[in-house]
K.L.:
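I am attaching a structure below and will ask some questions about it afterwards.
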Amino acid sequence: MAANPPLPKLPGYTVNLPQSIGDKAFYKAQTLSYSKGYAHEAPNAVVRDLSEETTLLAASAGSPGGTRSLGMTGTTSPSKMPQWVEHDRKVLRFYGYFKETIPESNIENHRVRKIVLLYYLEDDSMQLVEPRQDNSGIPQGGLVKRHKVTKEDGSFYSPQDFTVGAELSIYGRVYFLVDADKFTREFYEANGAEQGSPLGYPDDPVDAYRSTFGLNRGKGVTAPMQGGGNYGSNTDRLDDFKQFMEARLGKPSHLLSDDRYAQFLANNKKVLRFWCVWDDRTNMYGDRRPYVFNYYLEDDTVEILEVKDQNSGRDPFPVFMRRAPLPKSVVGSGTATVGLALNKASCYAPEDLRLGQYINVLNRDFLLYDCDRFTKHWYATNLGYDPTELEKVDVAEPVPGLSKPALAPYNGFGTLEDSLQNCVSLIPKPPRRDMHKLMNKDKIILRFNLKIVETDTHKHSPIDLKRKFILSYFMMDDTMQLFEPPVRNSGISGGKFLERSKVYKPNSEEIYTYLDLYVGGSIEIHNRTFEMTEADEYTFTYMENNKHIFIMADHEVLLKSLKAQISGREDAVRTAFIAMDKNGSGQLSGSELEGALREAGLKFTRHQAMALKRRLDKDKSGTICIDEFLHALGLAQ
């Protein structure tokens with residue numbers, strides 16, 4: 001009796017058999033799970049330990065939603081990852097072509113068009129693209145949009161259908177595969193199906209036709225001849241033959257020239273760019289101007305653009321020479337040139353352009369001094385120029401320094417800064433003040449006692465020589481003020497002698513600063529010379545605390561100077577100090593210290609001597625110890 005046929009694969013007829021006969025757990029196994037963050041549906045378990053008929057029945061009752069991955073050999077194997085995850089961004093790329101019929105043409109009967117086939121493994125879709133060619137006149141780009149493409153038998157294309165040398169029929173058009181990229185070959189090799197060696201593209205009839213008549217100049221395309229050799233496109237004989245044929249067909253004689261169309265296709269968008277200068281300073285109102293020199297390889301024309309400088313005062317005329325062939329020499333004005341075409345040999349060519357040389361642009365000499373990266377690469381590749389021949393030429397000229405305008409002489413009104421503002425701007429503004437000094441040195445006032453002294457040019461009365469003054473120097477703005485204390489029965493009313501202002505040195509535009517003020521020094525104010533005889537305690541303290549600025553208040557500088565002066569005269573100096581101590585107390589006052597230094601023939605200032613005395617007088621008694629002073633000088637016995 002024949003075995004019962006298997007149950008039909010209809011809803012309700014499929015069964016899930018247990019793993020074994022003794023298994024009483026008839027639950028439905030879990031098939032939905034997550035693997036690496038992606039949803040995954042596992043196939044149902046296959047029944048084991050059953051008869052062959054039952055096993056076939058269980059195999060035929062597979063889950064309809066199971067995910068299976070088909071290998072290169074055509075067998076099924078379970079995959080733990082979804083196909084769109086396992087093959088994400090993996091694309092098989094094949095190169096090929098198809099032949100397009102060209103009816104009613106005496107040049108060609110078909111045309112070879114190259115294509116690129118892309119097969120996306122993530123969803124088994126494919127796409128056909130034709131690479132675009134400039135100025136081809138053919139609509140190119142996407143031929144077949146990305147989708148699952150069916151074969152003639154109704155099934156979908158799979159990776160097993162693609163091999164180098166295969167023919168594919170897609171929507172009534174036959175495509176030939178000639179090559180594959182590196183990833184595609186490695187993919188097939190990993191799956192046990194290596195691809196063949198690359199195949200060549202067939203010859204295009206239109207290329208042979210153009211090569212026969214010399215229309216492929218610059219493309220290197222030649223057509224084979226029957227007895228050996230090639231139909232050349234660069235010989236003068238074929239050029240003459242082409243012109244002869246064109247003339248017989250009615251082409252005007254002034255238009256018989258080289259194939260401009262082939263040159264355009266080979267060199268479209270290729271421009272040699274140079275930077276140049278034109279020095280026209282020998283003529284009236286001439287100048288040295290920079291320009292950009294563009295040479296278009298597609299039609300051997302030249303365009304010169306002017307570089308606009310900021311604030312140059314020139315109108316914006318960017319085009320100096322409109323795009324046209326540039327003759328090497330301009331025809332004289334007495335020669336008729338209307339309607340005559342320029343000979344190519346008489347115009348500038350790429351080999352005539354070299355850095356560091358002049359070119360004649362309509363009787364104007366332009367110096368080429370630099371070019372861009374593409375131009376250097378083109379000359380090195382096509383003309384074999386050395387890198388030294390393409391180095392930039394230095395055309396920069398030294399910029400002369402701007403002369404400082406002379407200021408108008410001081411007219412006596414206001415201050416010198418006020419007069420300077422009249423020379424700087426049309427509308428004078430108040431002079432800018434030093435805010436740092438105003439904020440940090442406010443209320444810092446140095447005060448000195450002054451007296452009038454005679455000079456060789458100015459003599460004063462005895463009354464004036466007895467007058468006393470107080471000088472107040474304001475550190476915040478470098479101004480001075482003189483005040484004369486009133487003295488009873490002197491016949492001179494005291495008060496303000498000089499208003500607070502900046503005081504300029506005689507015959508100079510430099511003002512007196514704090515560096516010019518110290519005890520023993522002198523300053524000249526309005527043709528009167530004043531000597532500083534004393535300073536207040538605040539002034540001495542401030543100057544000693546800032547001895548890096550006030551050198552006269554630095555006692556260490558005085559000690560170094562005295563040590564250098566007494567070298568070899570130690571006994572004479574020691575004797576002079578001992579002789580100054582007339583009462584034998586071993587102490588010297590400030591005036592006695594100054595007298596001893598004078599007797600010893602040493603050079604110093606009163607301010608330095610007073611600073612040294614203040615330093616050595618630690619007990620504030622008004623005197624210093626002679627032994628301590630000699631010890632500081634290194635003369636102690």
K.L.:
Cation-pi check, R89 to Y120: give yes when NZ or CZ is under 6.0 Å from the six-membered ring centre and within 45° of the ring axis, no otherwise.
P.N.:
no
K.L.:
Can we call the ring centroids of F540 and H607 under 6.0 Å apart?
P.N.:
yes
K.L.:
Tell me whether E524 is salt-bridged to R528, with the criterion being a basic N under 4.0 Å from an acidic carboxylate O.
P.N.:
no
K.L.:
Honestly, is K441 close enough over F474, meaning NZ or CZ under 6.0 Å from the six-membered ring centre and within 45° of the axis?
P.N.:
no
K.L.:
Roughly how far, to the nearest 0.5 Å, is CD1 of I445 from OH of Y473?
P.N.:
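Interatomic distance, Y473 OH to I445 CD1, rounded to 0.5 Å: 12.0 Å.
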K.L.:
Would a distance-only check, ignoring hydrogens and angles, find a side-chain to backbone donor-acceptor pair under 3.5 Å from E389 to D386?
P.N.:
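The answer is yes, because a donor-acceptor pair under 3.5 Å joins these two groups.
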K.L.:
Apply the test side chain to side chain contact (heavy atoms under 4.5 Å, CB included) to residues L326 and C347: give CA-CA distance (whole Å), side-chain angles for both, the deciding distance (0.1 Å), then the verdict.
P.N.:
CA-CA 5 Å; L326 179 61; C347 298; 5.9 Å; no
K.L.:
If only atom types and distance count, is the side chain of Q357 paired as donor or acceptor with the main-chain N or O of R354 below 3.5 Å?
P.N.:
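The answer is no, because no donor-acceptor pair under 3.5 Å joins these two groups.
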K.L.:
Run the numbers on I304 and V292 for side chain to side chain contact (heavy atoms under 4.5 Å, CB included), then give the verdict.
P.N.:
CA-CA 6 Å; I304 300 179; V292 177; over 6 Å; no
K.L.:
Taking all non-hydrogen atoms of both residues into account, name the closest pair between H87 and E122 and its distance.
P.N.:
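So the two residues come closest at O-CB, 3.4 Å.
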K.L.:
Any salt bridge linking K502 with D478? Criterion: basic side-chain nitrogen under 4.0 Å from a carboxylate oxygen.
P.N.:
no
K.L.:
Is the distance from the ring center of F366 to that of F320 below 6.0 Å?
P.N.:
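Yes - the distance between ring centres of F366 and F320 falls below the 6.0 Å cut-off.
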K.L.:
Does the gap between the ring centers of W275 and Y291 come in under 6.0 Å?
P.N.:
no
K.L.:
Looking at F469 versus F530, is the centre-to-centre ring distance below 6.0 Å?
P.N.:
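Yes - the distance between ring centres of F469 and F530 falls below the 6.0 Å cut-off.
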K.L.:
Have a look at L588 and tell me which of E594, K613, M580 forms a side-chain contact (heavy atoms from CB on, under 4.5 Å) with it.
P.N.:
M580
K.L.:
Identify whether the distance between the nearest side-chain nitrogen and carboxylate oxygen of E306 and R289 falls below 4.0 Å.
P.N.:
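A salt bridge is present here (some side-chain N lies under 4.0 Å from a carboxylate O).
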K.L.:
Closest heavy-atom contact between L593 and A609?
P.N.:
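It is CD2-O, 4.1 Å.
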K.L.:
Name the one of T375, D352, D300 that satisfies side chain to side chain donor-acceptor pair (under 3.5 Å) with Y295?
P.N.:
D300
K.L.:
For the ring pair F550 and Y518, is the centre-to-centre distance below 6.0 Å?
P.N.:
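Aromatic pair excluded; centres sit 6.0 Å or further apart.
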K.L.:
Within the supplied structure, the quantity of interest is the number of heavy atoms (other residues, nucleotides, ligands) at a distance under 6.0 Å from K328 NZ; does it exceed 12?
P.N.:
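Counting neighbours around NZ of K328, more than 12 heavy atoms of other residues, nucleotides or ligands fall under 6.0 Å, so yes.
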K.L.:
With a 4.0 Å cut-off, would you call D617 and R614 a salt bridge?
P.N.:
no
K.L.:
Could you measure the distance from the CZ atom of R364 to the CG atom of D279? Nearest 0.5 Å is fine.
P.N.:
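So the gap between those two atoms works out to 14.0 Å.
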K.L.:
Taking NZ, NE, NH1 and NH2 as the nitrogens, is one of them in D477 or R500 under 4.0 Å from a carboxylate oxygen of the other?
P.N.:
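Judged by the 4.0 Å cut-off on N to carboxylate O distance, D477 and R500 do form a salt bridge.
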K.L.:
Using 4.0 Å as the upper bound for N to carboxylate O, is an ion pair formed by R288 and E397?
P.N.:
yes
K.L.:
Charged N to carboxylate O under 4.0 angstrom, D299 versus R323?
P.N.:
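Salt bridge flag = yes for R323 with D299.
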K.L.:
Count the heavy atoms of every other residue, nucleotide or ligand shown that sit under 6.0 Å from CD of E599, and state whether that count exceeds 12.
P.N.:
no
K.L.:
Between the side chains of D516 and K505, is the shortest nitrogen-to-carboxylate-oxygen separation below 4.0 Å, so that they form an ion pair?
P.N.:
yes
K.L.:
Verify side chain to side chain contact (heavy atoms under 4.5 Å, CB included) between L353 and F293, making sure each step is shown before the conclusion.
P.N.:
CA-CA 10 Å; L353 306 177; F293 185 95; 3.7 Å; yes
K.L.:
Does a sphere of radius 6.0 Å around CD1 in I551 hold more than 12 heavy atoms from other residues, nucleotides or ligands, not counting ones at 6.0 Å or beyond?
P.N.:
no
K.L.:
Is it the case that over 12 heavy atoms from other parts of the model lie below 6.0 angstrom from the NE2 atom of H458?
P.N.:
yes
K.L.:
Verify the distance criterion only: is there a donor paired with an acceptor across the side chains of Q421 and S425 at less than 3.5 Å?
P.N.:
no
K.L.:
Are D309 and R314 close enough, and set up right, to give a salt bridge (Lys or Arg N to Asp or Glu O under 4.0 Å), and what steps lead you there?
P.N.:
CA-CA 8 Å; D309 296 333; R314 295 178 176 270; over 6 Å; no
K.L.:
Tell me whether E484 is salt-bridged to R467, with the criterion being a basic N under 4.0 Å from an acidic carboxylate O.
P.N.:
yes
K.L.:
Please determine whether the number of non-hydrogen atoms from other residues, nucleotides or ligands lying under 6.0 Å from atom CZ of F183 exceeds 12.
P.N.:
yes
K.L.:
As an exercise, state the distance from OH of Y512 to CG of L517, rounded to the nearest 0.5 Å.
P.N.:
9.5 Å
K.L.:
Run the numbers on E303 and Y296 for side-chain hydrogen bond (donor to acceptor under 3.5 Å, both in side chains), then give the verdict.
P.N.:
CA-CA 8 Å; E303 179 186 38; Y296 295 86; 2.7 Å; yes
